[in-house]
Structures are given as C-alpha cells and as structure tokens.
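Below: the structure, in structure tokens.
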Amino acid sequence: MPELPEVETTLRGIEPYVLQQRVKKVIVRQPQLRWPIPDELNKQLQNRIINKISRRGKYILLHTQRGAAILHLGMSGSLRVVDALTPAQKHDHVDICFTQGHCLRLRDPRRFGALLWSETPEQHPLLSPLGVEPLSAQFDASYLHAQAHGRKRAVKLFLMDSHIVVGVGNIYANEALFAAGIHPKTAAGKISLKRYETLASAIQSILTAAIQQGGTTLKDFLGSDGKPGYFKQQLNVYDRADAPCPRCTSAIKLVKLGQRSTYFCSKCQR
DNA sequence: AAAGACACCTGGGAGC
DNA sequence: TGCTCCCAGGTGTCTT
C-alpha cells in the first residue's frame with residue numbers, strides 16, 4: 001500500500017498527536033503481523049514519552065529515551081489517531097494509548113506490516129542494510145550509476161531494491177521511468193550517467209510532488225486525518241494499461257517484472 | 001555475488 | 001447471489 005510519500009504523509013499527520021505524549025498502555029489485539037509483535041513492547045513503551053518520530057525508508061520510528069518502536073505498514077497498513085473509546089473495527093490490531101485519552105491505532109488487513117522494538121534501532125537488522133534516502137543529498141546520478149555498475153537486472157527492479165534506494169515502490173518506479181523516458185527492462189548497468197541524471201531528478205520531483213499532494217490513494221489509503229491522497233490524478237502510466245500515453249497517445253503496455261505489474265510506453269521509453 | 005521465485009494474508013472485483 | 005480466480009501500494013528468505 002504505502003510507498004515513501006504515503007508513509008511520509010502518515011508520519012506528518014500523526015506527529016502532532018504523538019510527539020511528547022506519554023504512553024499509557026499498548027493494546028495488542030492481533031500480534032501476528034509479518035513477525036509477531038514482541039511481548040516486551042508494552043513494557044518498553046508504558047509510561048514512556050515519545051520524544052521523537054522519524055522515518056527510514058518506509059519504516060516509521062517512535063523513539064523514547066531508550067529505544068524505539070519500529071513500525072512498517074506493509075501493503076495495507078494505516079495509522080489513525082482516534083479517541084481511545086472509539087470501538088476497534090476488524091483489522092484494528094494495535095492501539096498505542098496515551099495518557100491524554102487518544103491513541104494511535106494500527107489497521108492492517110493483510111498483516112504484512114510489522115511492529116517491533118529495538119533499543120538501538122539504527123542497528124536493527126531490518127534497518128541497517130537499507131540504501132540511501134531518495135530525497136537526501138547522497139542520492140544522485142553518480143550514486144545510481146556506481147551502484148548499477150555491472151548489474152544486469154532490469155532498472156525497475158534495481159530502483160525498487162531497498163538496499164540501493166529506499167521508498168521507491170511499484171507506483172513511483174513506473175512513473176519515474178516514464179518521466180525519464182527509460183524502458184523498465186533496461187539492464188541497470190548499461191544506463192549512462194547522463195540518463196541517471198534524468199532518472200534521479202525524476203524520482204525526486206515525483207516523490208516530492210506526491211508528498212505535497214498527500215500521497216496516492218488507489219483504493220484504501222487514507223492519511224491519518226482520514227483524507228485520501230490526491231496524487232493518483234497525476235499518474236501517467238500506473239494502472240493505465242491500454243490507455244493512451246499522455247505524451248504520444250500510443251497504448252500503455254503492461255508486463256510483469258519480478259511478479260509486479262509494470263506499465264510503460266514503448267514509444268516514449270527506450 | 002546477484003538474480004529470481006516464493007512466502008506471508010485478506011479483500012475486492014471480474015467472470016461465470 | 002454466490003462461487004472461483006486473479007490481483008493488489010512490500011520485502012525478507014530461500015533457491016538457483
């Protein structure tokens with residue numbers, strides 16, 4: 001479900017309700033997410049203050065003075081801030097309740113998300129191998145070009161590999177390659193530095209624009225305020241198989257790459 | 001070392 | 001109406 005813009009939208013939405021709040025208790029209704037929610041989570045968070053909230057890739061971190069909860073929304077996860085008395089609905093798996101009477105509620109129908117605890121989150125095995133942030137200064141054409149050296153895999157899969165760059169999921173990988181005029185099956189290692197310049201800036205401008213619009217709502221993504229994202233209106237290729245290419249009007253093609261739907265214009269993307 | 005397939009899980013829509 | 005099948009915004013892990 002969420003890619004980087006949706007996670008960032010979620011984070012910004014919940015931040016005012018979470019920062020500097022003291023945790024009263026954690027209610028776990030369904031601990032079986034991608035990995036079991038650790039038993040110690042309530043013990044670690046109870047009576048502690050969330051003094052910082054951050055994002056690394058698609059992970060959201062709720063920091064306390066001595067450790068952090070690590071949260072991932074998977075394909076279908078969402079976070080809402082609700083009054084603690086609001087009845088939990090199906091798939092509302094976890095509440096992090098605060099002393100002020102509200103709580104942060106995690107809903108995740110498919111349960112591909114995760115909620116973990118680490119005293120040293122930056123060294124956590126899920127986080128430490130992650131690649132660069134696409135909106136950071138380290139992400140540029142020469143980084144991509146260097147990482148791609150000698151690689152034969154399709155550039156789209158290369159872009160979606162979180163060990164290279166985080167946060168670029170299926171929607172934005174498709175859109176960025178369209179914007180850059182690069183065919184998604186091109187071997188990552190045979191793309192020139194020049195073309196990586198176009199691609200890197202396309203990724204950054206698309207992610208930035210999507211964040212500004214509150215993310216992309218396909219069917220069920222809602223920001224923590226319950227509003228959808230509006231970026232879907234600007235998707236040029238994603239989910240538009242057979243529709244006319246906005247640039248040249250020829251039909252958008254759909255193929256599978258790494259079992260993921262891949263949309264592109266065979267005329268505009270070479 | 002790198003690439004590819006598979007796994008986890010539920011719900012929605014298409015087609016019959 | 002109801003069944004079956006396919007698809008979905010992610011990503012760690014196992015196999016080649």
Side-chain angles (χ1 to χ4, degrees), chain A residues 1-11 29-37 55-60 70-79 89-94 106-116 124-131 134 146-176 184-190 203 206-207 210-211 213-223 228-235 237-242 254-263:
Chain A
M1 163 198 181
E3 299 185 39
L4 188 148
E6 293 73 41
V7 176
E8 183 66 26
T9 297
T10 296
L11 184 148
R29 300 183 193 84
Q30 167 58 277
Q32 299 303 320
L33 302 187
R34 178 153 194 196
W35 298 279
I37 296 174
R55 178 185 63 70
R56 179 74 177 97
K58 296 170 191 166
Y59 293 89
I60 290 174
I70 300 172
L71 201 151
H72 196 289
L73 298 175
M75 287 278 266
S76 60
S78 60
L79 286 171
Q89 296 186 272
K90 196 175 183 185
H91 307 305
D92 285 345
H93 304 316
V94 181
L106 172 66
R107 177 178 301 182
D108 186 5
R110 290 178 72 181
R111 291 193 267 128
F112 288 170
L115 179 54
L116 301 168
H124 191 279
L126 289 175
L127 302 194
S128 61
L130 291 178
Q147 289 292 317
H149 181 75
R151 291 188 190 248
K152 291 178 180 164
R153 74 188 318 204
V155 62
K156 179 178 179 245
L157 298 175
F158 172 72
L159 285 184
M160 291 176 68
D161 183 344
S162 66
H163 301 104
I164 305 294
V165 53
V166 295
V168 182
N170 201 29
I171 296 179
Y172 300 111
N174 278 300
E175 293 299 316
K185 282 188 176 173
T186 313
K190 55 169 244 210
I203 290 169
I206 288 170
L207 292 177
I211 290 169
Q213 317 249 337
T216 299
T217 293
L218 293 183
K219 47 187 173 189
D220 58 4
F221 172 73
L222 297 176
Y230 297 101
F231 195 73
K232 186 180 197 315
Q233 299 157 21
Q234 292 176 39
L235 299 181
V237 291
Y238 183 82
D239 202 23
R240 296 193 64 244
D242 299 327
L254 167 59
V255 298
K256 290 281 181 190
L257 255 182
Q259 288 117 296
R260 309 301 299 276
S261 288
T262 301
Y263 303 86

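Note: hydrogens, waters and symmetry copies are ignored here, and every other heavy atom, side chains too, is used. Below, chain A is the first sequence line, B the second, and so on; all start at residue 1.
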Would the distance check show the side chain of A:Asn170 and the main-chain N or O of A:Ser261 forming a donor-acceptor pair, the cut-off being under 3.5 Å?
yes
Assign A:Tyr59 to base, sugar-phosphate, or nothing according to its heavy-atom contacts below 4.0 angstrom with the strands shown.
sugar-phosphate
To the nearest Å, how far apart are A:Ile206 CD1 and C:dG9 C1'?
16 Å
State whether A:Lys152 places a side-chain N or O below 4.0 Å from either non-bridging phosphate oxygen (OP1 or OP2) of B:dA2.
no
Assigned partner base of B:dC6, Watson-Crick or wobble definition, under 3.5 Å:
C:dG12
Between A:His72 and C:dT11, is there a side-chain N or O to OP1/OP2 distance below 4.0 Å?
yes
Is A:Arg260 near enough to C:dG9 that one of its side-chain N or O atoms lies under 4.0 angstrom from OP1 or OP2?
yes
Is there a donor and acceptor pair closer than 3.5 Å between the side chain of A:Arg110 and the base of C:dA8?
yes
Do any N or O atoms from the side chain of A:Glu175 and from the backbone of A:Ile206 form a donor-acceptor pair under 3.5 angstrom?
no
Given the rule in the side chain to side chain donor-acceptor pair (under 3.5 Å) test, do A:Gln89 and A:Arg107 qualify, once you have shown the distances and angles that lead to the verdict?
CA-CA 9 Å; A:Gln89 296 186 272; A:Arg107 177 178 301 182; 3.0 Å; yes
Provide, to the nearest angstrom, the distance between the CG atom belonging to A:Asn174 and the P atom belonging to C:dA8.
11 Å
Does OP1 or OP2 of C:dA8 have a side-chain N or O of A:Lys256 closer than 4.0 Å?
yes
Nearest-Å distance, NE2 (A:His124) to C1' (C:dT11)?
14 Å
A:Asp239 CG to C:dG9 P, straight-line distance once rounded to whole Å:
9 Å
Atom CG of A:Leu257 and atom P of C:dG10 are separated, to the nearest Å, by 15 Å
Taking atom types as they are modelled, would you say the side chain of A:Arg111 forms a donor-acceptor pair with the base of B:dT10 within the 3.5 Å cutoff?
no
If you check the A:His91 side chain, which of B:dG11, C:dG9, C:dT11 turns out closest?
B:dG11
Heavy atoms only, 4.0 Å cut-off, all strands: where does A:Arg34 land among base, sugar-phosphate and nothing?
base
In the structure I gave you, are the side-chain heavy atoms of A:Asp239 and A:Tyr263 within less than 4.5 Å of one another anywhere?
yes
Starting at atom CG of A:Leu157, determine the distance to atom P of B:dC6, rounded to an integer number of angstrom.
15 Å
Would you say B:dT10 has OP1 or OP2 under 4.0 Å from some side-chain N or O of A:Lys90?
no
For B:dC16, what is the paired nucleotide under Watson-Crick or G-U wobble rules, both distances under 3.5 Å?
C:dG2
Using distance alone, with no hydrogens and no angle criterion, decide if A:Thr262 and A:Lys256 have a side-chain donor and acceptor under 3.5 Å apart.
no
Of C:dG10, B:dG4, C:dA8, the nucleotide closest to the side chain of A:Tyr238 is C:dA8
If you find the nucleotide of DNA chain B closest to A:Phe112 and the one closest to A:His149, which residue's nucleotide is nearer the 5' end?
A:His149
Roughly how many Å is it from CD in A:Glu6 to P in C:dG10, rounded to a whole number?
9 Å
Reading DNA chain B from 5' onward, which residue's closest nucleotide shows up sooner: A:Gln32 or A:Arg151?
A:Arg151
Closest nucleotide among C:dG10, B:dG11, B:dA5 to the A:Gln259 side chain:
B:dA5
Closest approach to the side chain of A:His163, judged atom by atom: which nucleotide of C:dG9, C:dG12, B:dG4 is it?
C:dG12
In this structure, how many angstroms lie between the P atom of C:dG9 and the CG atom of A:Asp108, rounded?
15 Å
With rounding to the closest Å, how many angstrom separate the P atoms on C:dT11 and B:dA1?
23 Å
So, A:Arg56 side chain and A:Leu130 main chain: donor-acceptor pair closer than 3.5 Å or not?
yes
